[in-house]
Amino acid sequence: MNDAEPAEEPPRRRRRDPEGHRAAILEAARHTFAERGYTRTTLREVARRAGVTHGLITRNFSSKERLFLAAVPGNRDLERVAAGDAATLPERIAHAFVERMETDAANDPLITLLRSAAHDEHTAAHLLTAMQEHSAAVYRSVLSPDEPGKPGEPGESGESGSEAGGEPATADGDLDTRVALVGAQMIGVAFSRYIARTEPLASLPADRLTDHLARVLRHILFA
């Protein structure tokens with residue numbers, strides 16, 4: 001008979017997976033913000049759902065605001081959507097926005113933020129402003145990649161960049177205004193179709209909504 005005590009198993013090391021942890025945090029944050037709203041969401045609750053420590057979230061995102069901005073799909077994926085030919089930027093924006101909302105508007109943090117604006121106007125305005133600033137920087141990199149202050153420099157023939165290249169360019173002086181109008185347009189569509197559900201937008205087929213939205217965004221950005 002062997003009376004020797006069984007050897008204890010060595011403690012398991014926590015698997016290091018920075019990308020996996022980040023993805024889990026963002027997924028948990030997206031659902032928590034959608035369910036509880038921005039104000040009632042805590043980093044500790046997000047950490048619990050993601051299966052990580054509170055400290056890991058603060059090391060990766062530093063604050064609840066930065067976590068929210070990283071978790072909003074449109075804000076998070078904007079660089080990928082915007083990358084490409086400036087001439088087709090409105091179509092890419094419209095397609096990505098409608099596809100995202102049609103897929104899971106109910107759990108989209110932007111929809112939650114719009115719902116909460118009535119009773120937490122200051123927070124909503126602050127977060128929307130931060131999203132707008134991020135959008136302006138990304139759109140500027142596409143619309144005016146060489147000289148951010150001067151999109152549409154004259155060509156050798158003396159024609160403007162838009163006339164020479166066949167595609168209109170924005171005037172730098174009002175690009176921020178145009179970006180704000182793009183955001184306002186999409187917020188209006190989000191509210192009318194996915195929150196208030198008013199007609200005719202509520203029942204408009206997604207492909208027709210995308211076409212209409214792309215035309216409006218093209219006018220805002222380039223007209």
Side-chain angles (χ1 to χ4, degrees), residues 69 72-103 105 108 110-111 113-114 117 124-223:
L69 295 174
V72 175
N75 202 58
R76 182 182 68 212
D77 303 331
L78 189 57
E79 288 89 348
R80 175 184 57 80
V81 171
D85 187 356
T88 55
L89 178 61
E91 287 74 21
R92 295 198 301 278
I93 297 172
H95 179 269
F97 175 77
V98 174
E99 182 179 55
R100 161 190 156 200
M101 288 297 172
E102 291 295 306
T103 299
D108 195 291
L110 176 61
I111 295 297
L113 182 61
L114 296 179
H126 179 69
L127 292 172
L128 288 171
T129 297
M131 293 167 66
Q132 179 180 312
E133 290 172 350
H134 176 60
S135 298
V138 173
Y139 293 157
R140 190 181 296 279
S141 72
V142 176
L143 296 169
S144 182
D146 298 324
E147 295 187 58
K150 302 174 183 178
E153 280 285 309
E156 293 180 358
S157 65
E159 295 175 330
S160 70
S162 62
E163 293 167 340
E167 181 61 35
T170 62
D172 178 72
D174 68 353
L175 180 58
D176 288 344
T177 299
R178 290 172 185 262
V179 170
L181 287 170
V182 166
Q185 179 69 32
M186 293 194 293
I187 286 172
V189 171
F191 182 84
S192 297
R193 182 177 175 91
Y194 302 103
I195 297 178
R197 301 184 185 279
T198 55
E199 296 294 349
L201 290 186
S203 58
L204 191 68
D207 58 342
R208 289 185 60 198
L209 175 63
T210 301
D211 290 343
H212 284 303
L213 182 58
R215 283 196 295 272
V216 173
L217 297 186
R218 174 168 296 281
H219 182 79
I220 291 173
L221 288 173
F222 295 133

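- Heavy atoms only, all atoms of each residue included: A86 and F222 are closest at O-CZ, 3.4 Å.
- Between atom CG of residue L110 and atom CZ of residue F97 there is a gap of 6.5 Å, rounded to the nearest 0.5 Å.
- Within the 4.5 Å cutoff, the side chain of H212 has heavy atoms near those of the L204 side chain.
- Annotation: H134, atom NE2; neighbour count of heavy atoms from other residues, nucleotides and ligands within 6.0 Å is above 12.
- Note that the CD atom of Q185 and the CG atom of L217 stand 6.5 Å from one another [nearest 0.5 Å].
- Between the OG1 atom in T103 and the CG atom in D108 there is a gap of 10.0 Å [rounded to 0.5 Å].
- Note: I187 CD1 to L128 CG = 4.5 Å, rounded to the nearest 0.5 Å.
- Listed here is the closest heavy atom pair of I111 and A105: CG1-O, 3.4 Å.
- The closest side-chain heavy-atom distance from T210 to E99 is not below 4.5 Å.
- Nearest approach of A206 to V98, heavy atoms of both residues: O-CG1, 3.8 Å.
- In this structure, CZ in F191 is found 11.5 Å from CZ in R197, a value given to the nearest 0.5 Å.
- The line from CZ of R208 to CG of L213 is 14.0 Å long, rounded to the nearest 0.5 Å.
- Judged purely by atom type and a 3.5 angstrom limit, R218 uses its side chain to pair as donor or acceptor with the backbone of A87.
- Side-chain contact between L114 and Y194: absent, with no pair of heavy atoms (C-beta onward) separated by less than 4.5 Å.
- Within the 3.5 Å criterion, the main-chain N or O of R80 finds no donor-acceptor partner in the side chain of R92.
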Take R100 and D77 through the test side-chain contact (heavy atoms from CB on, under 4.5 Å) and record every step on the way to the result. CA-CA 11 Å; R100 161 190 156 200; D77 303 331; over 6 Å; no

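- Here the side chain of R193 pairs a donor or acceptor atom with the backbone of L201 at under 3.5 angstrom.
- Here the shortest heavy-atom pairing between I220 and R178 reads O-NH1, 2.6 Å.
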In sequence, state the C-alpha distance, the side-chain angles, and the governing distance for V81 and H95, and then conclude on side-chain contact (heavy atoms from CB on, under 4.5 Å). CA-CA 9 Å; V81 171; H95 179 269; over 6 Å; no

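- The two residues V138 and A82 have their closest heavy-atom pair at CG1-CB, 3.6 Å.
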I'd like to know whether V182 forms a side-chain contact (heavy atoms from CB on, under 4.5 Å) with M186, so could you lay out the CA-CA distance, the side-chain angles of the two residues, the decisive distance to 0.1 Å, and finally the verdict. CA-CA 6 Å; V182 166; M186 293 194 293; 3.8 Å; yes

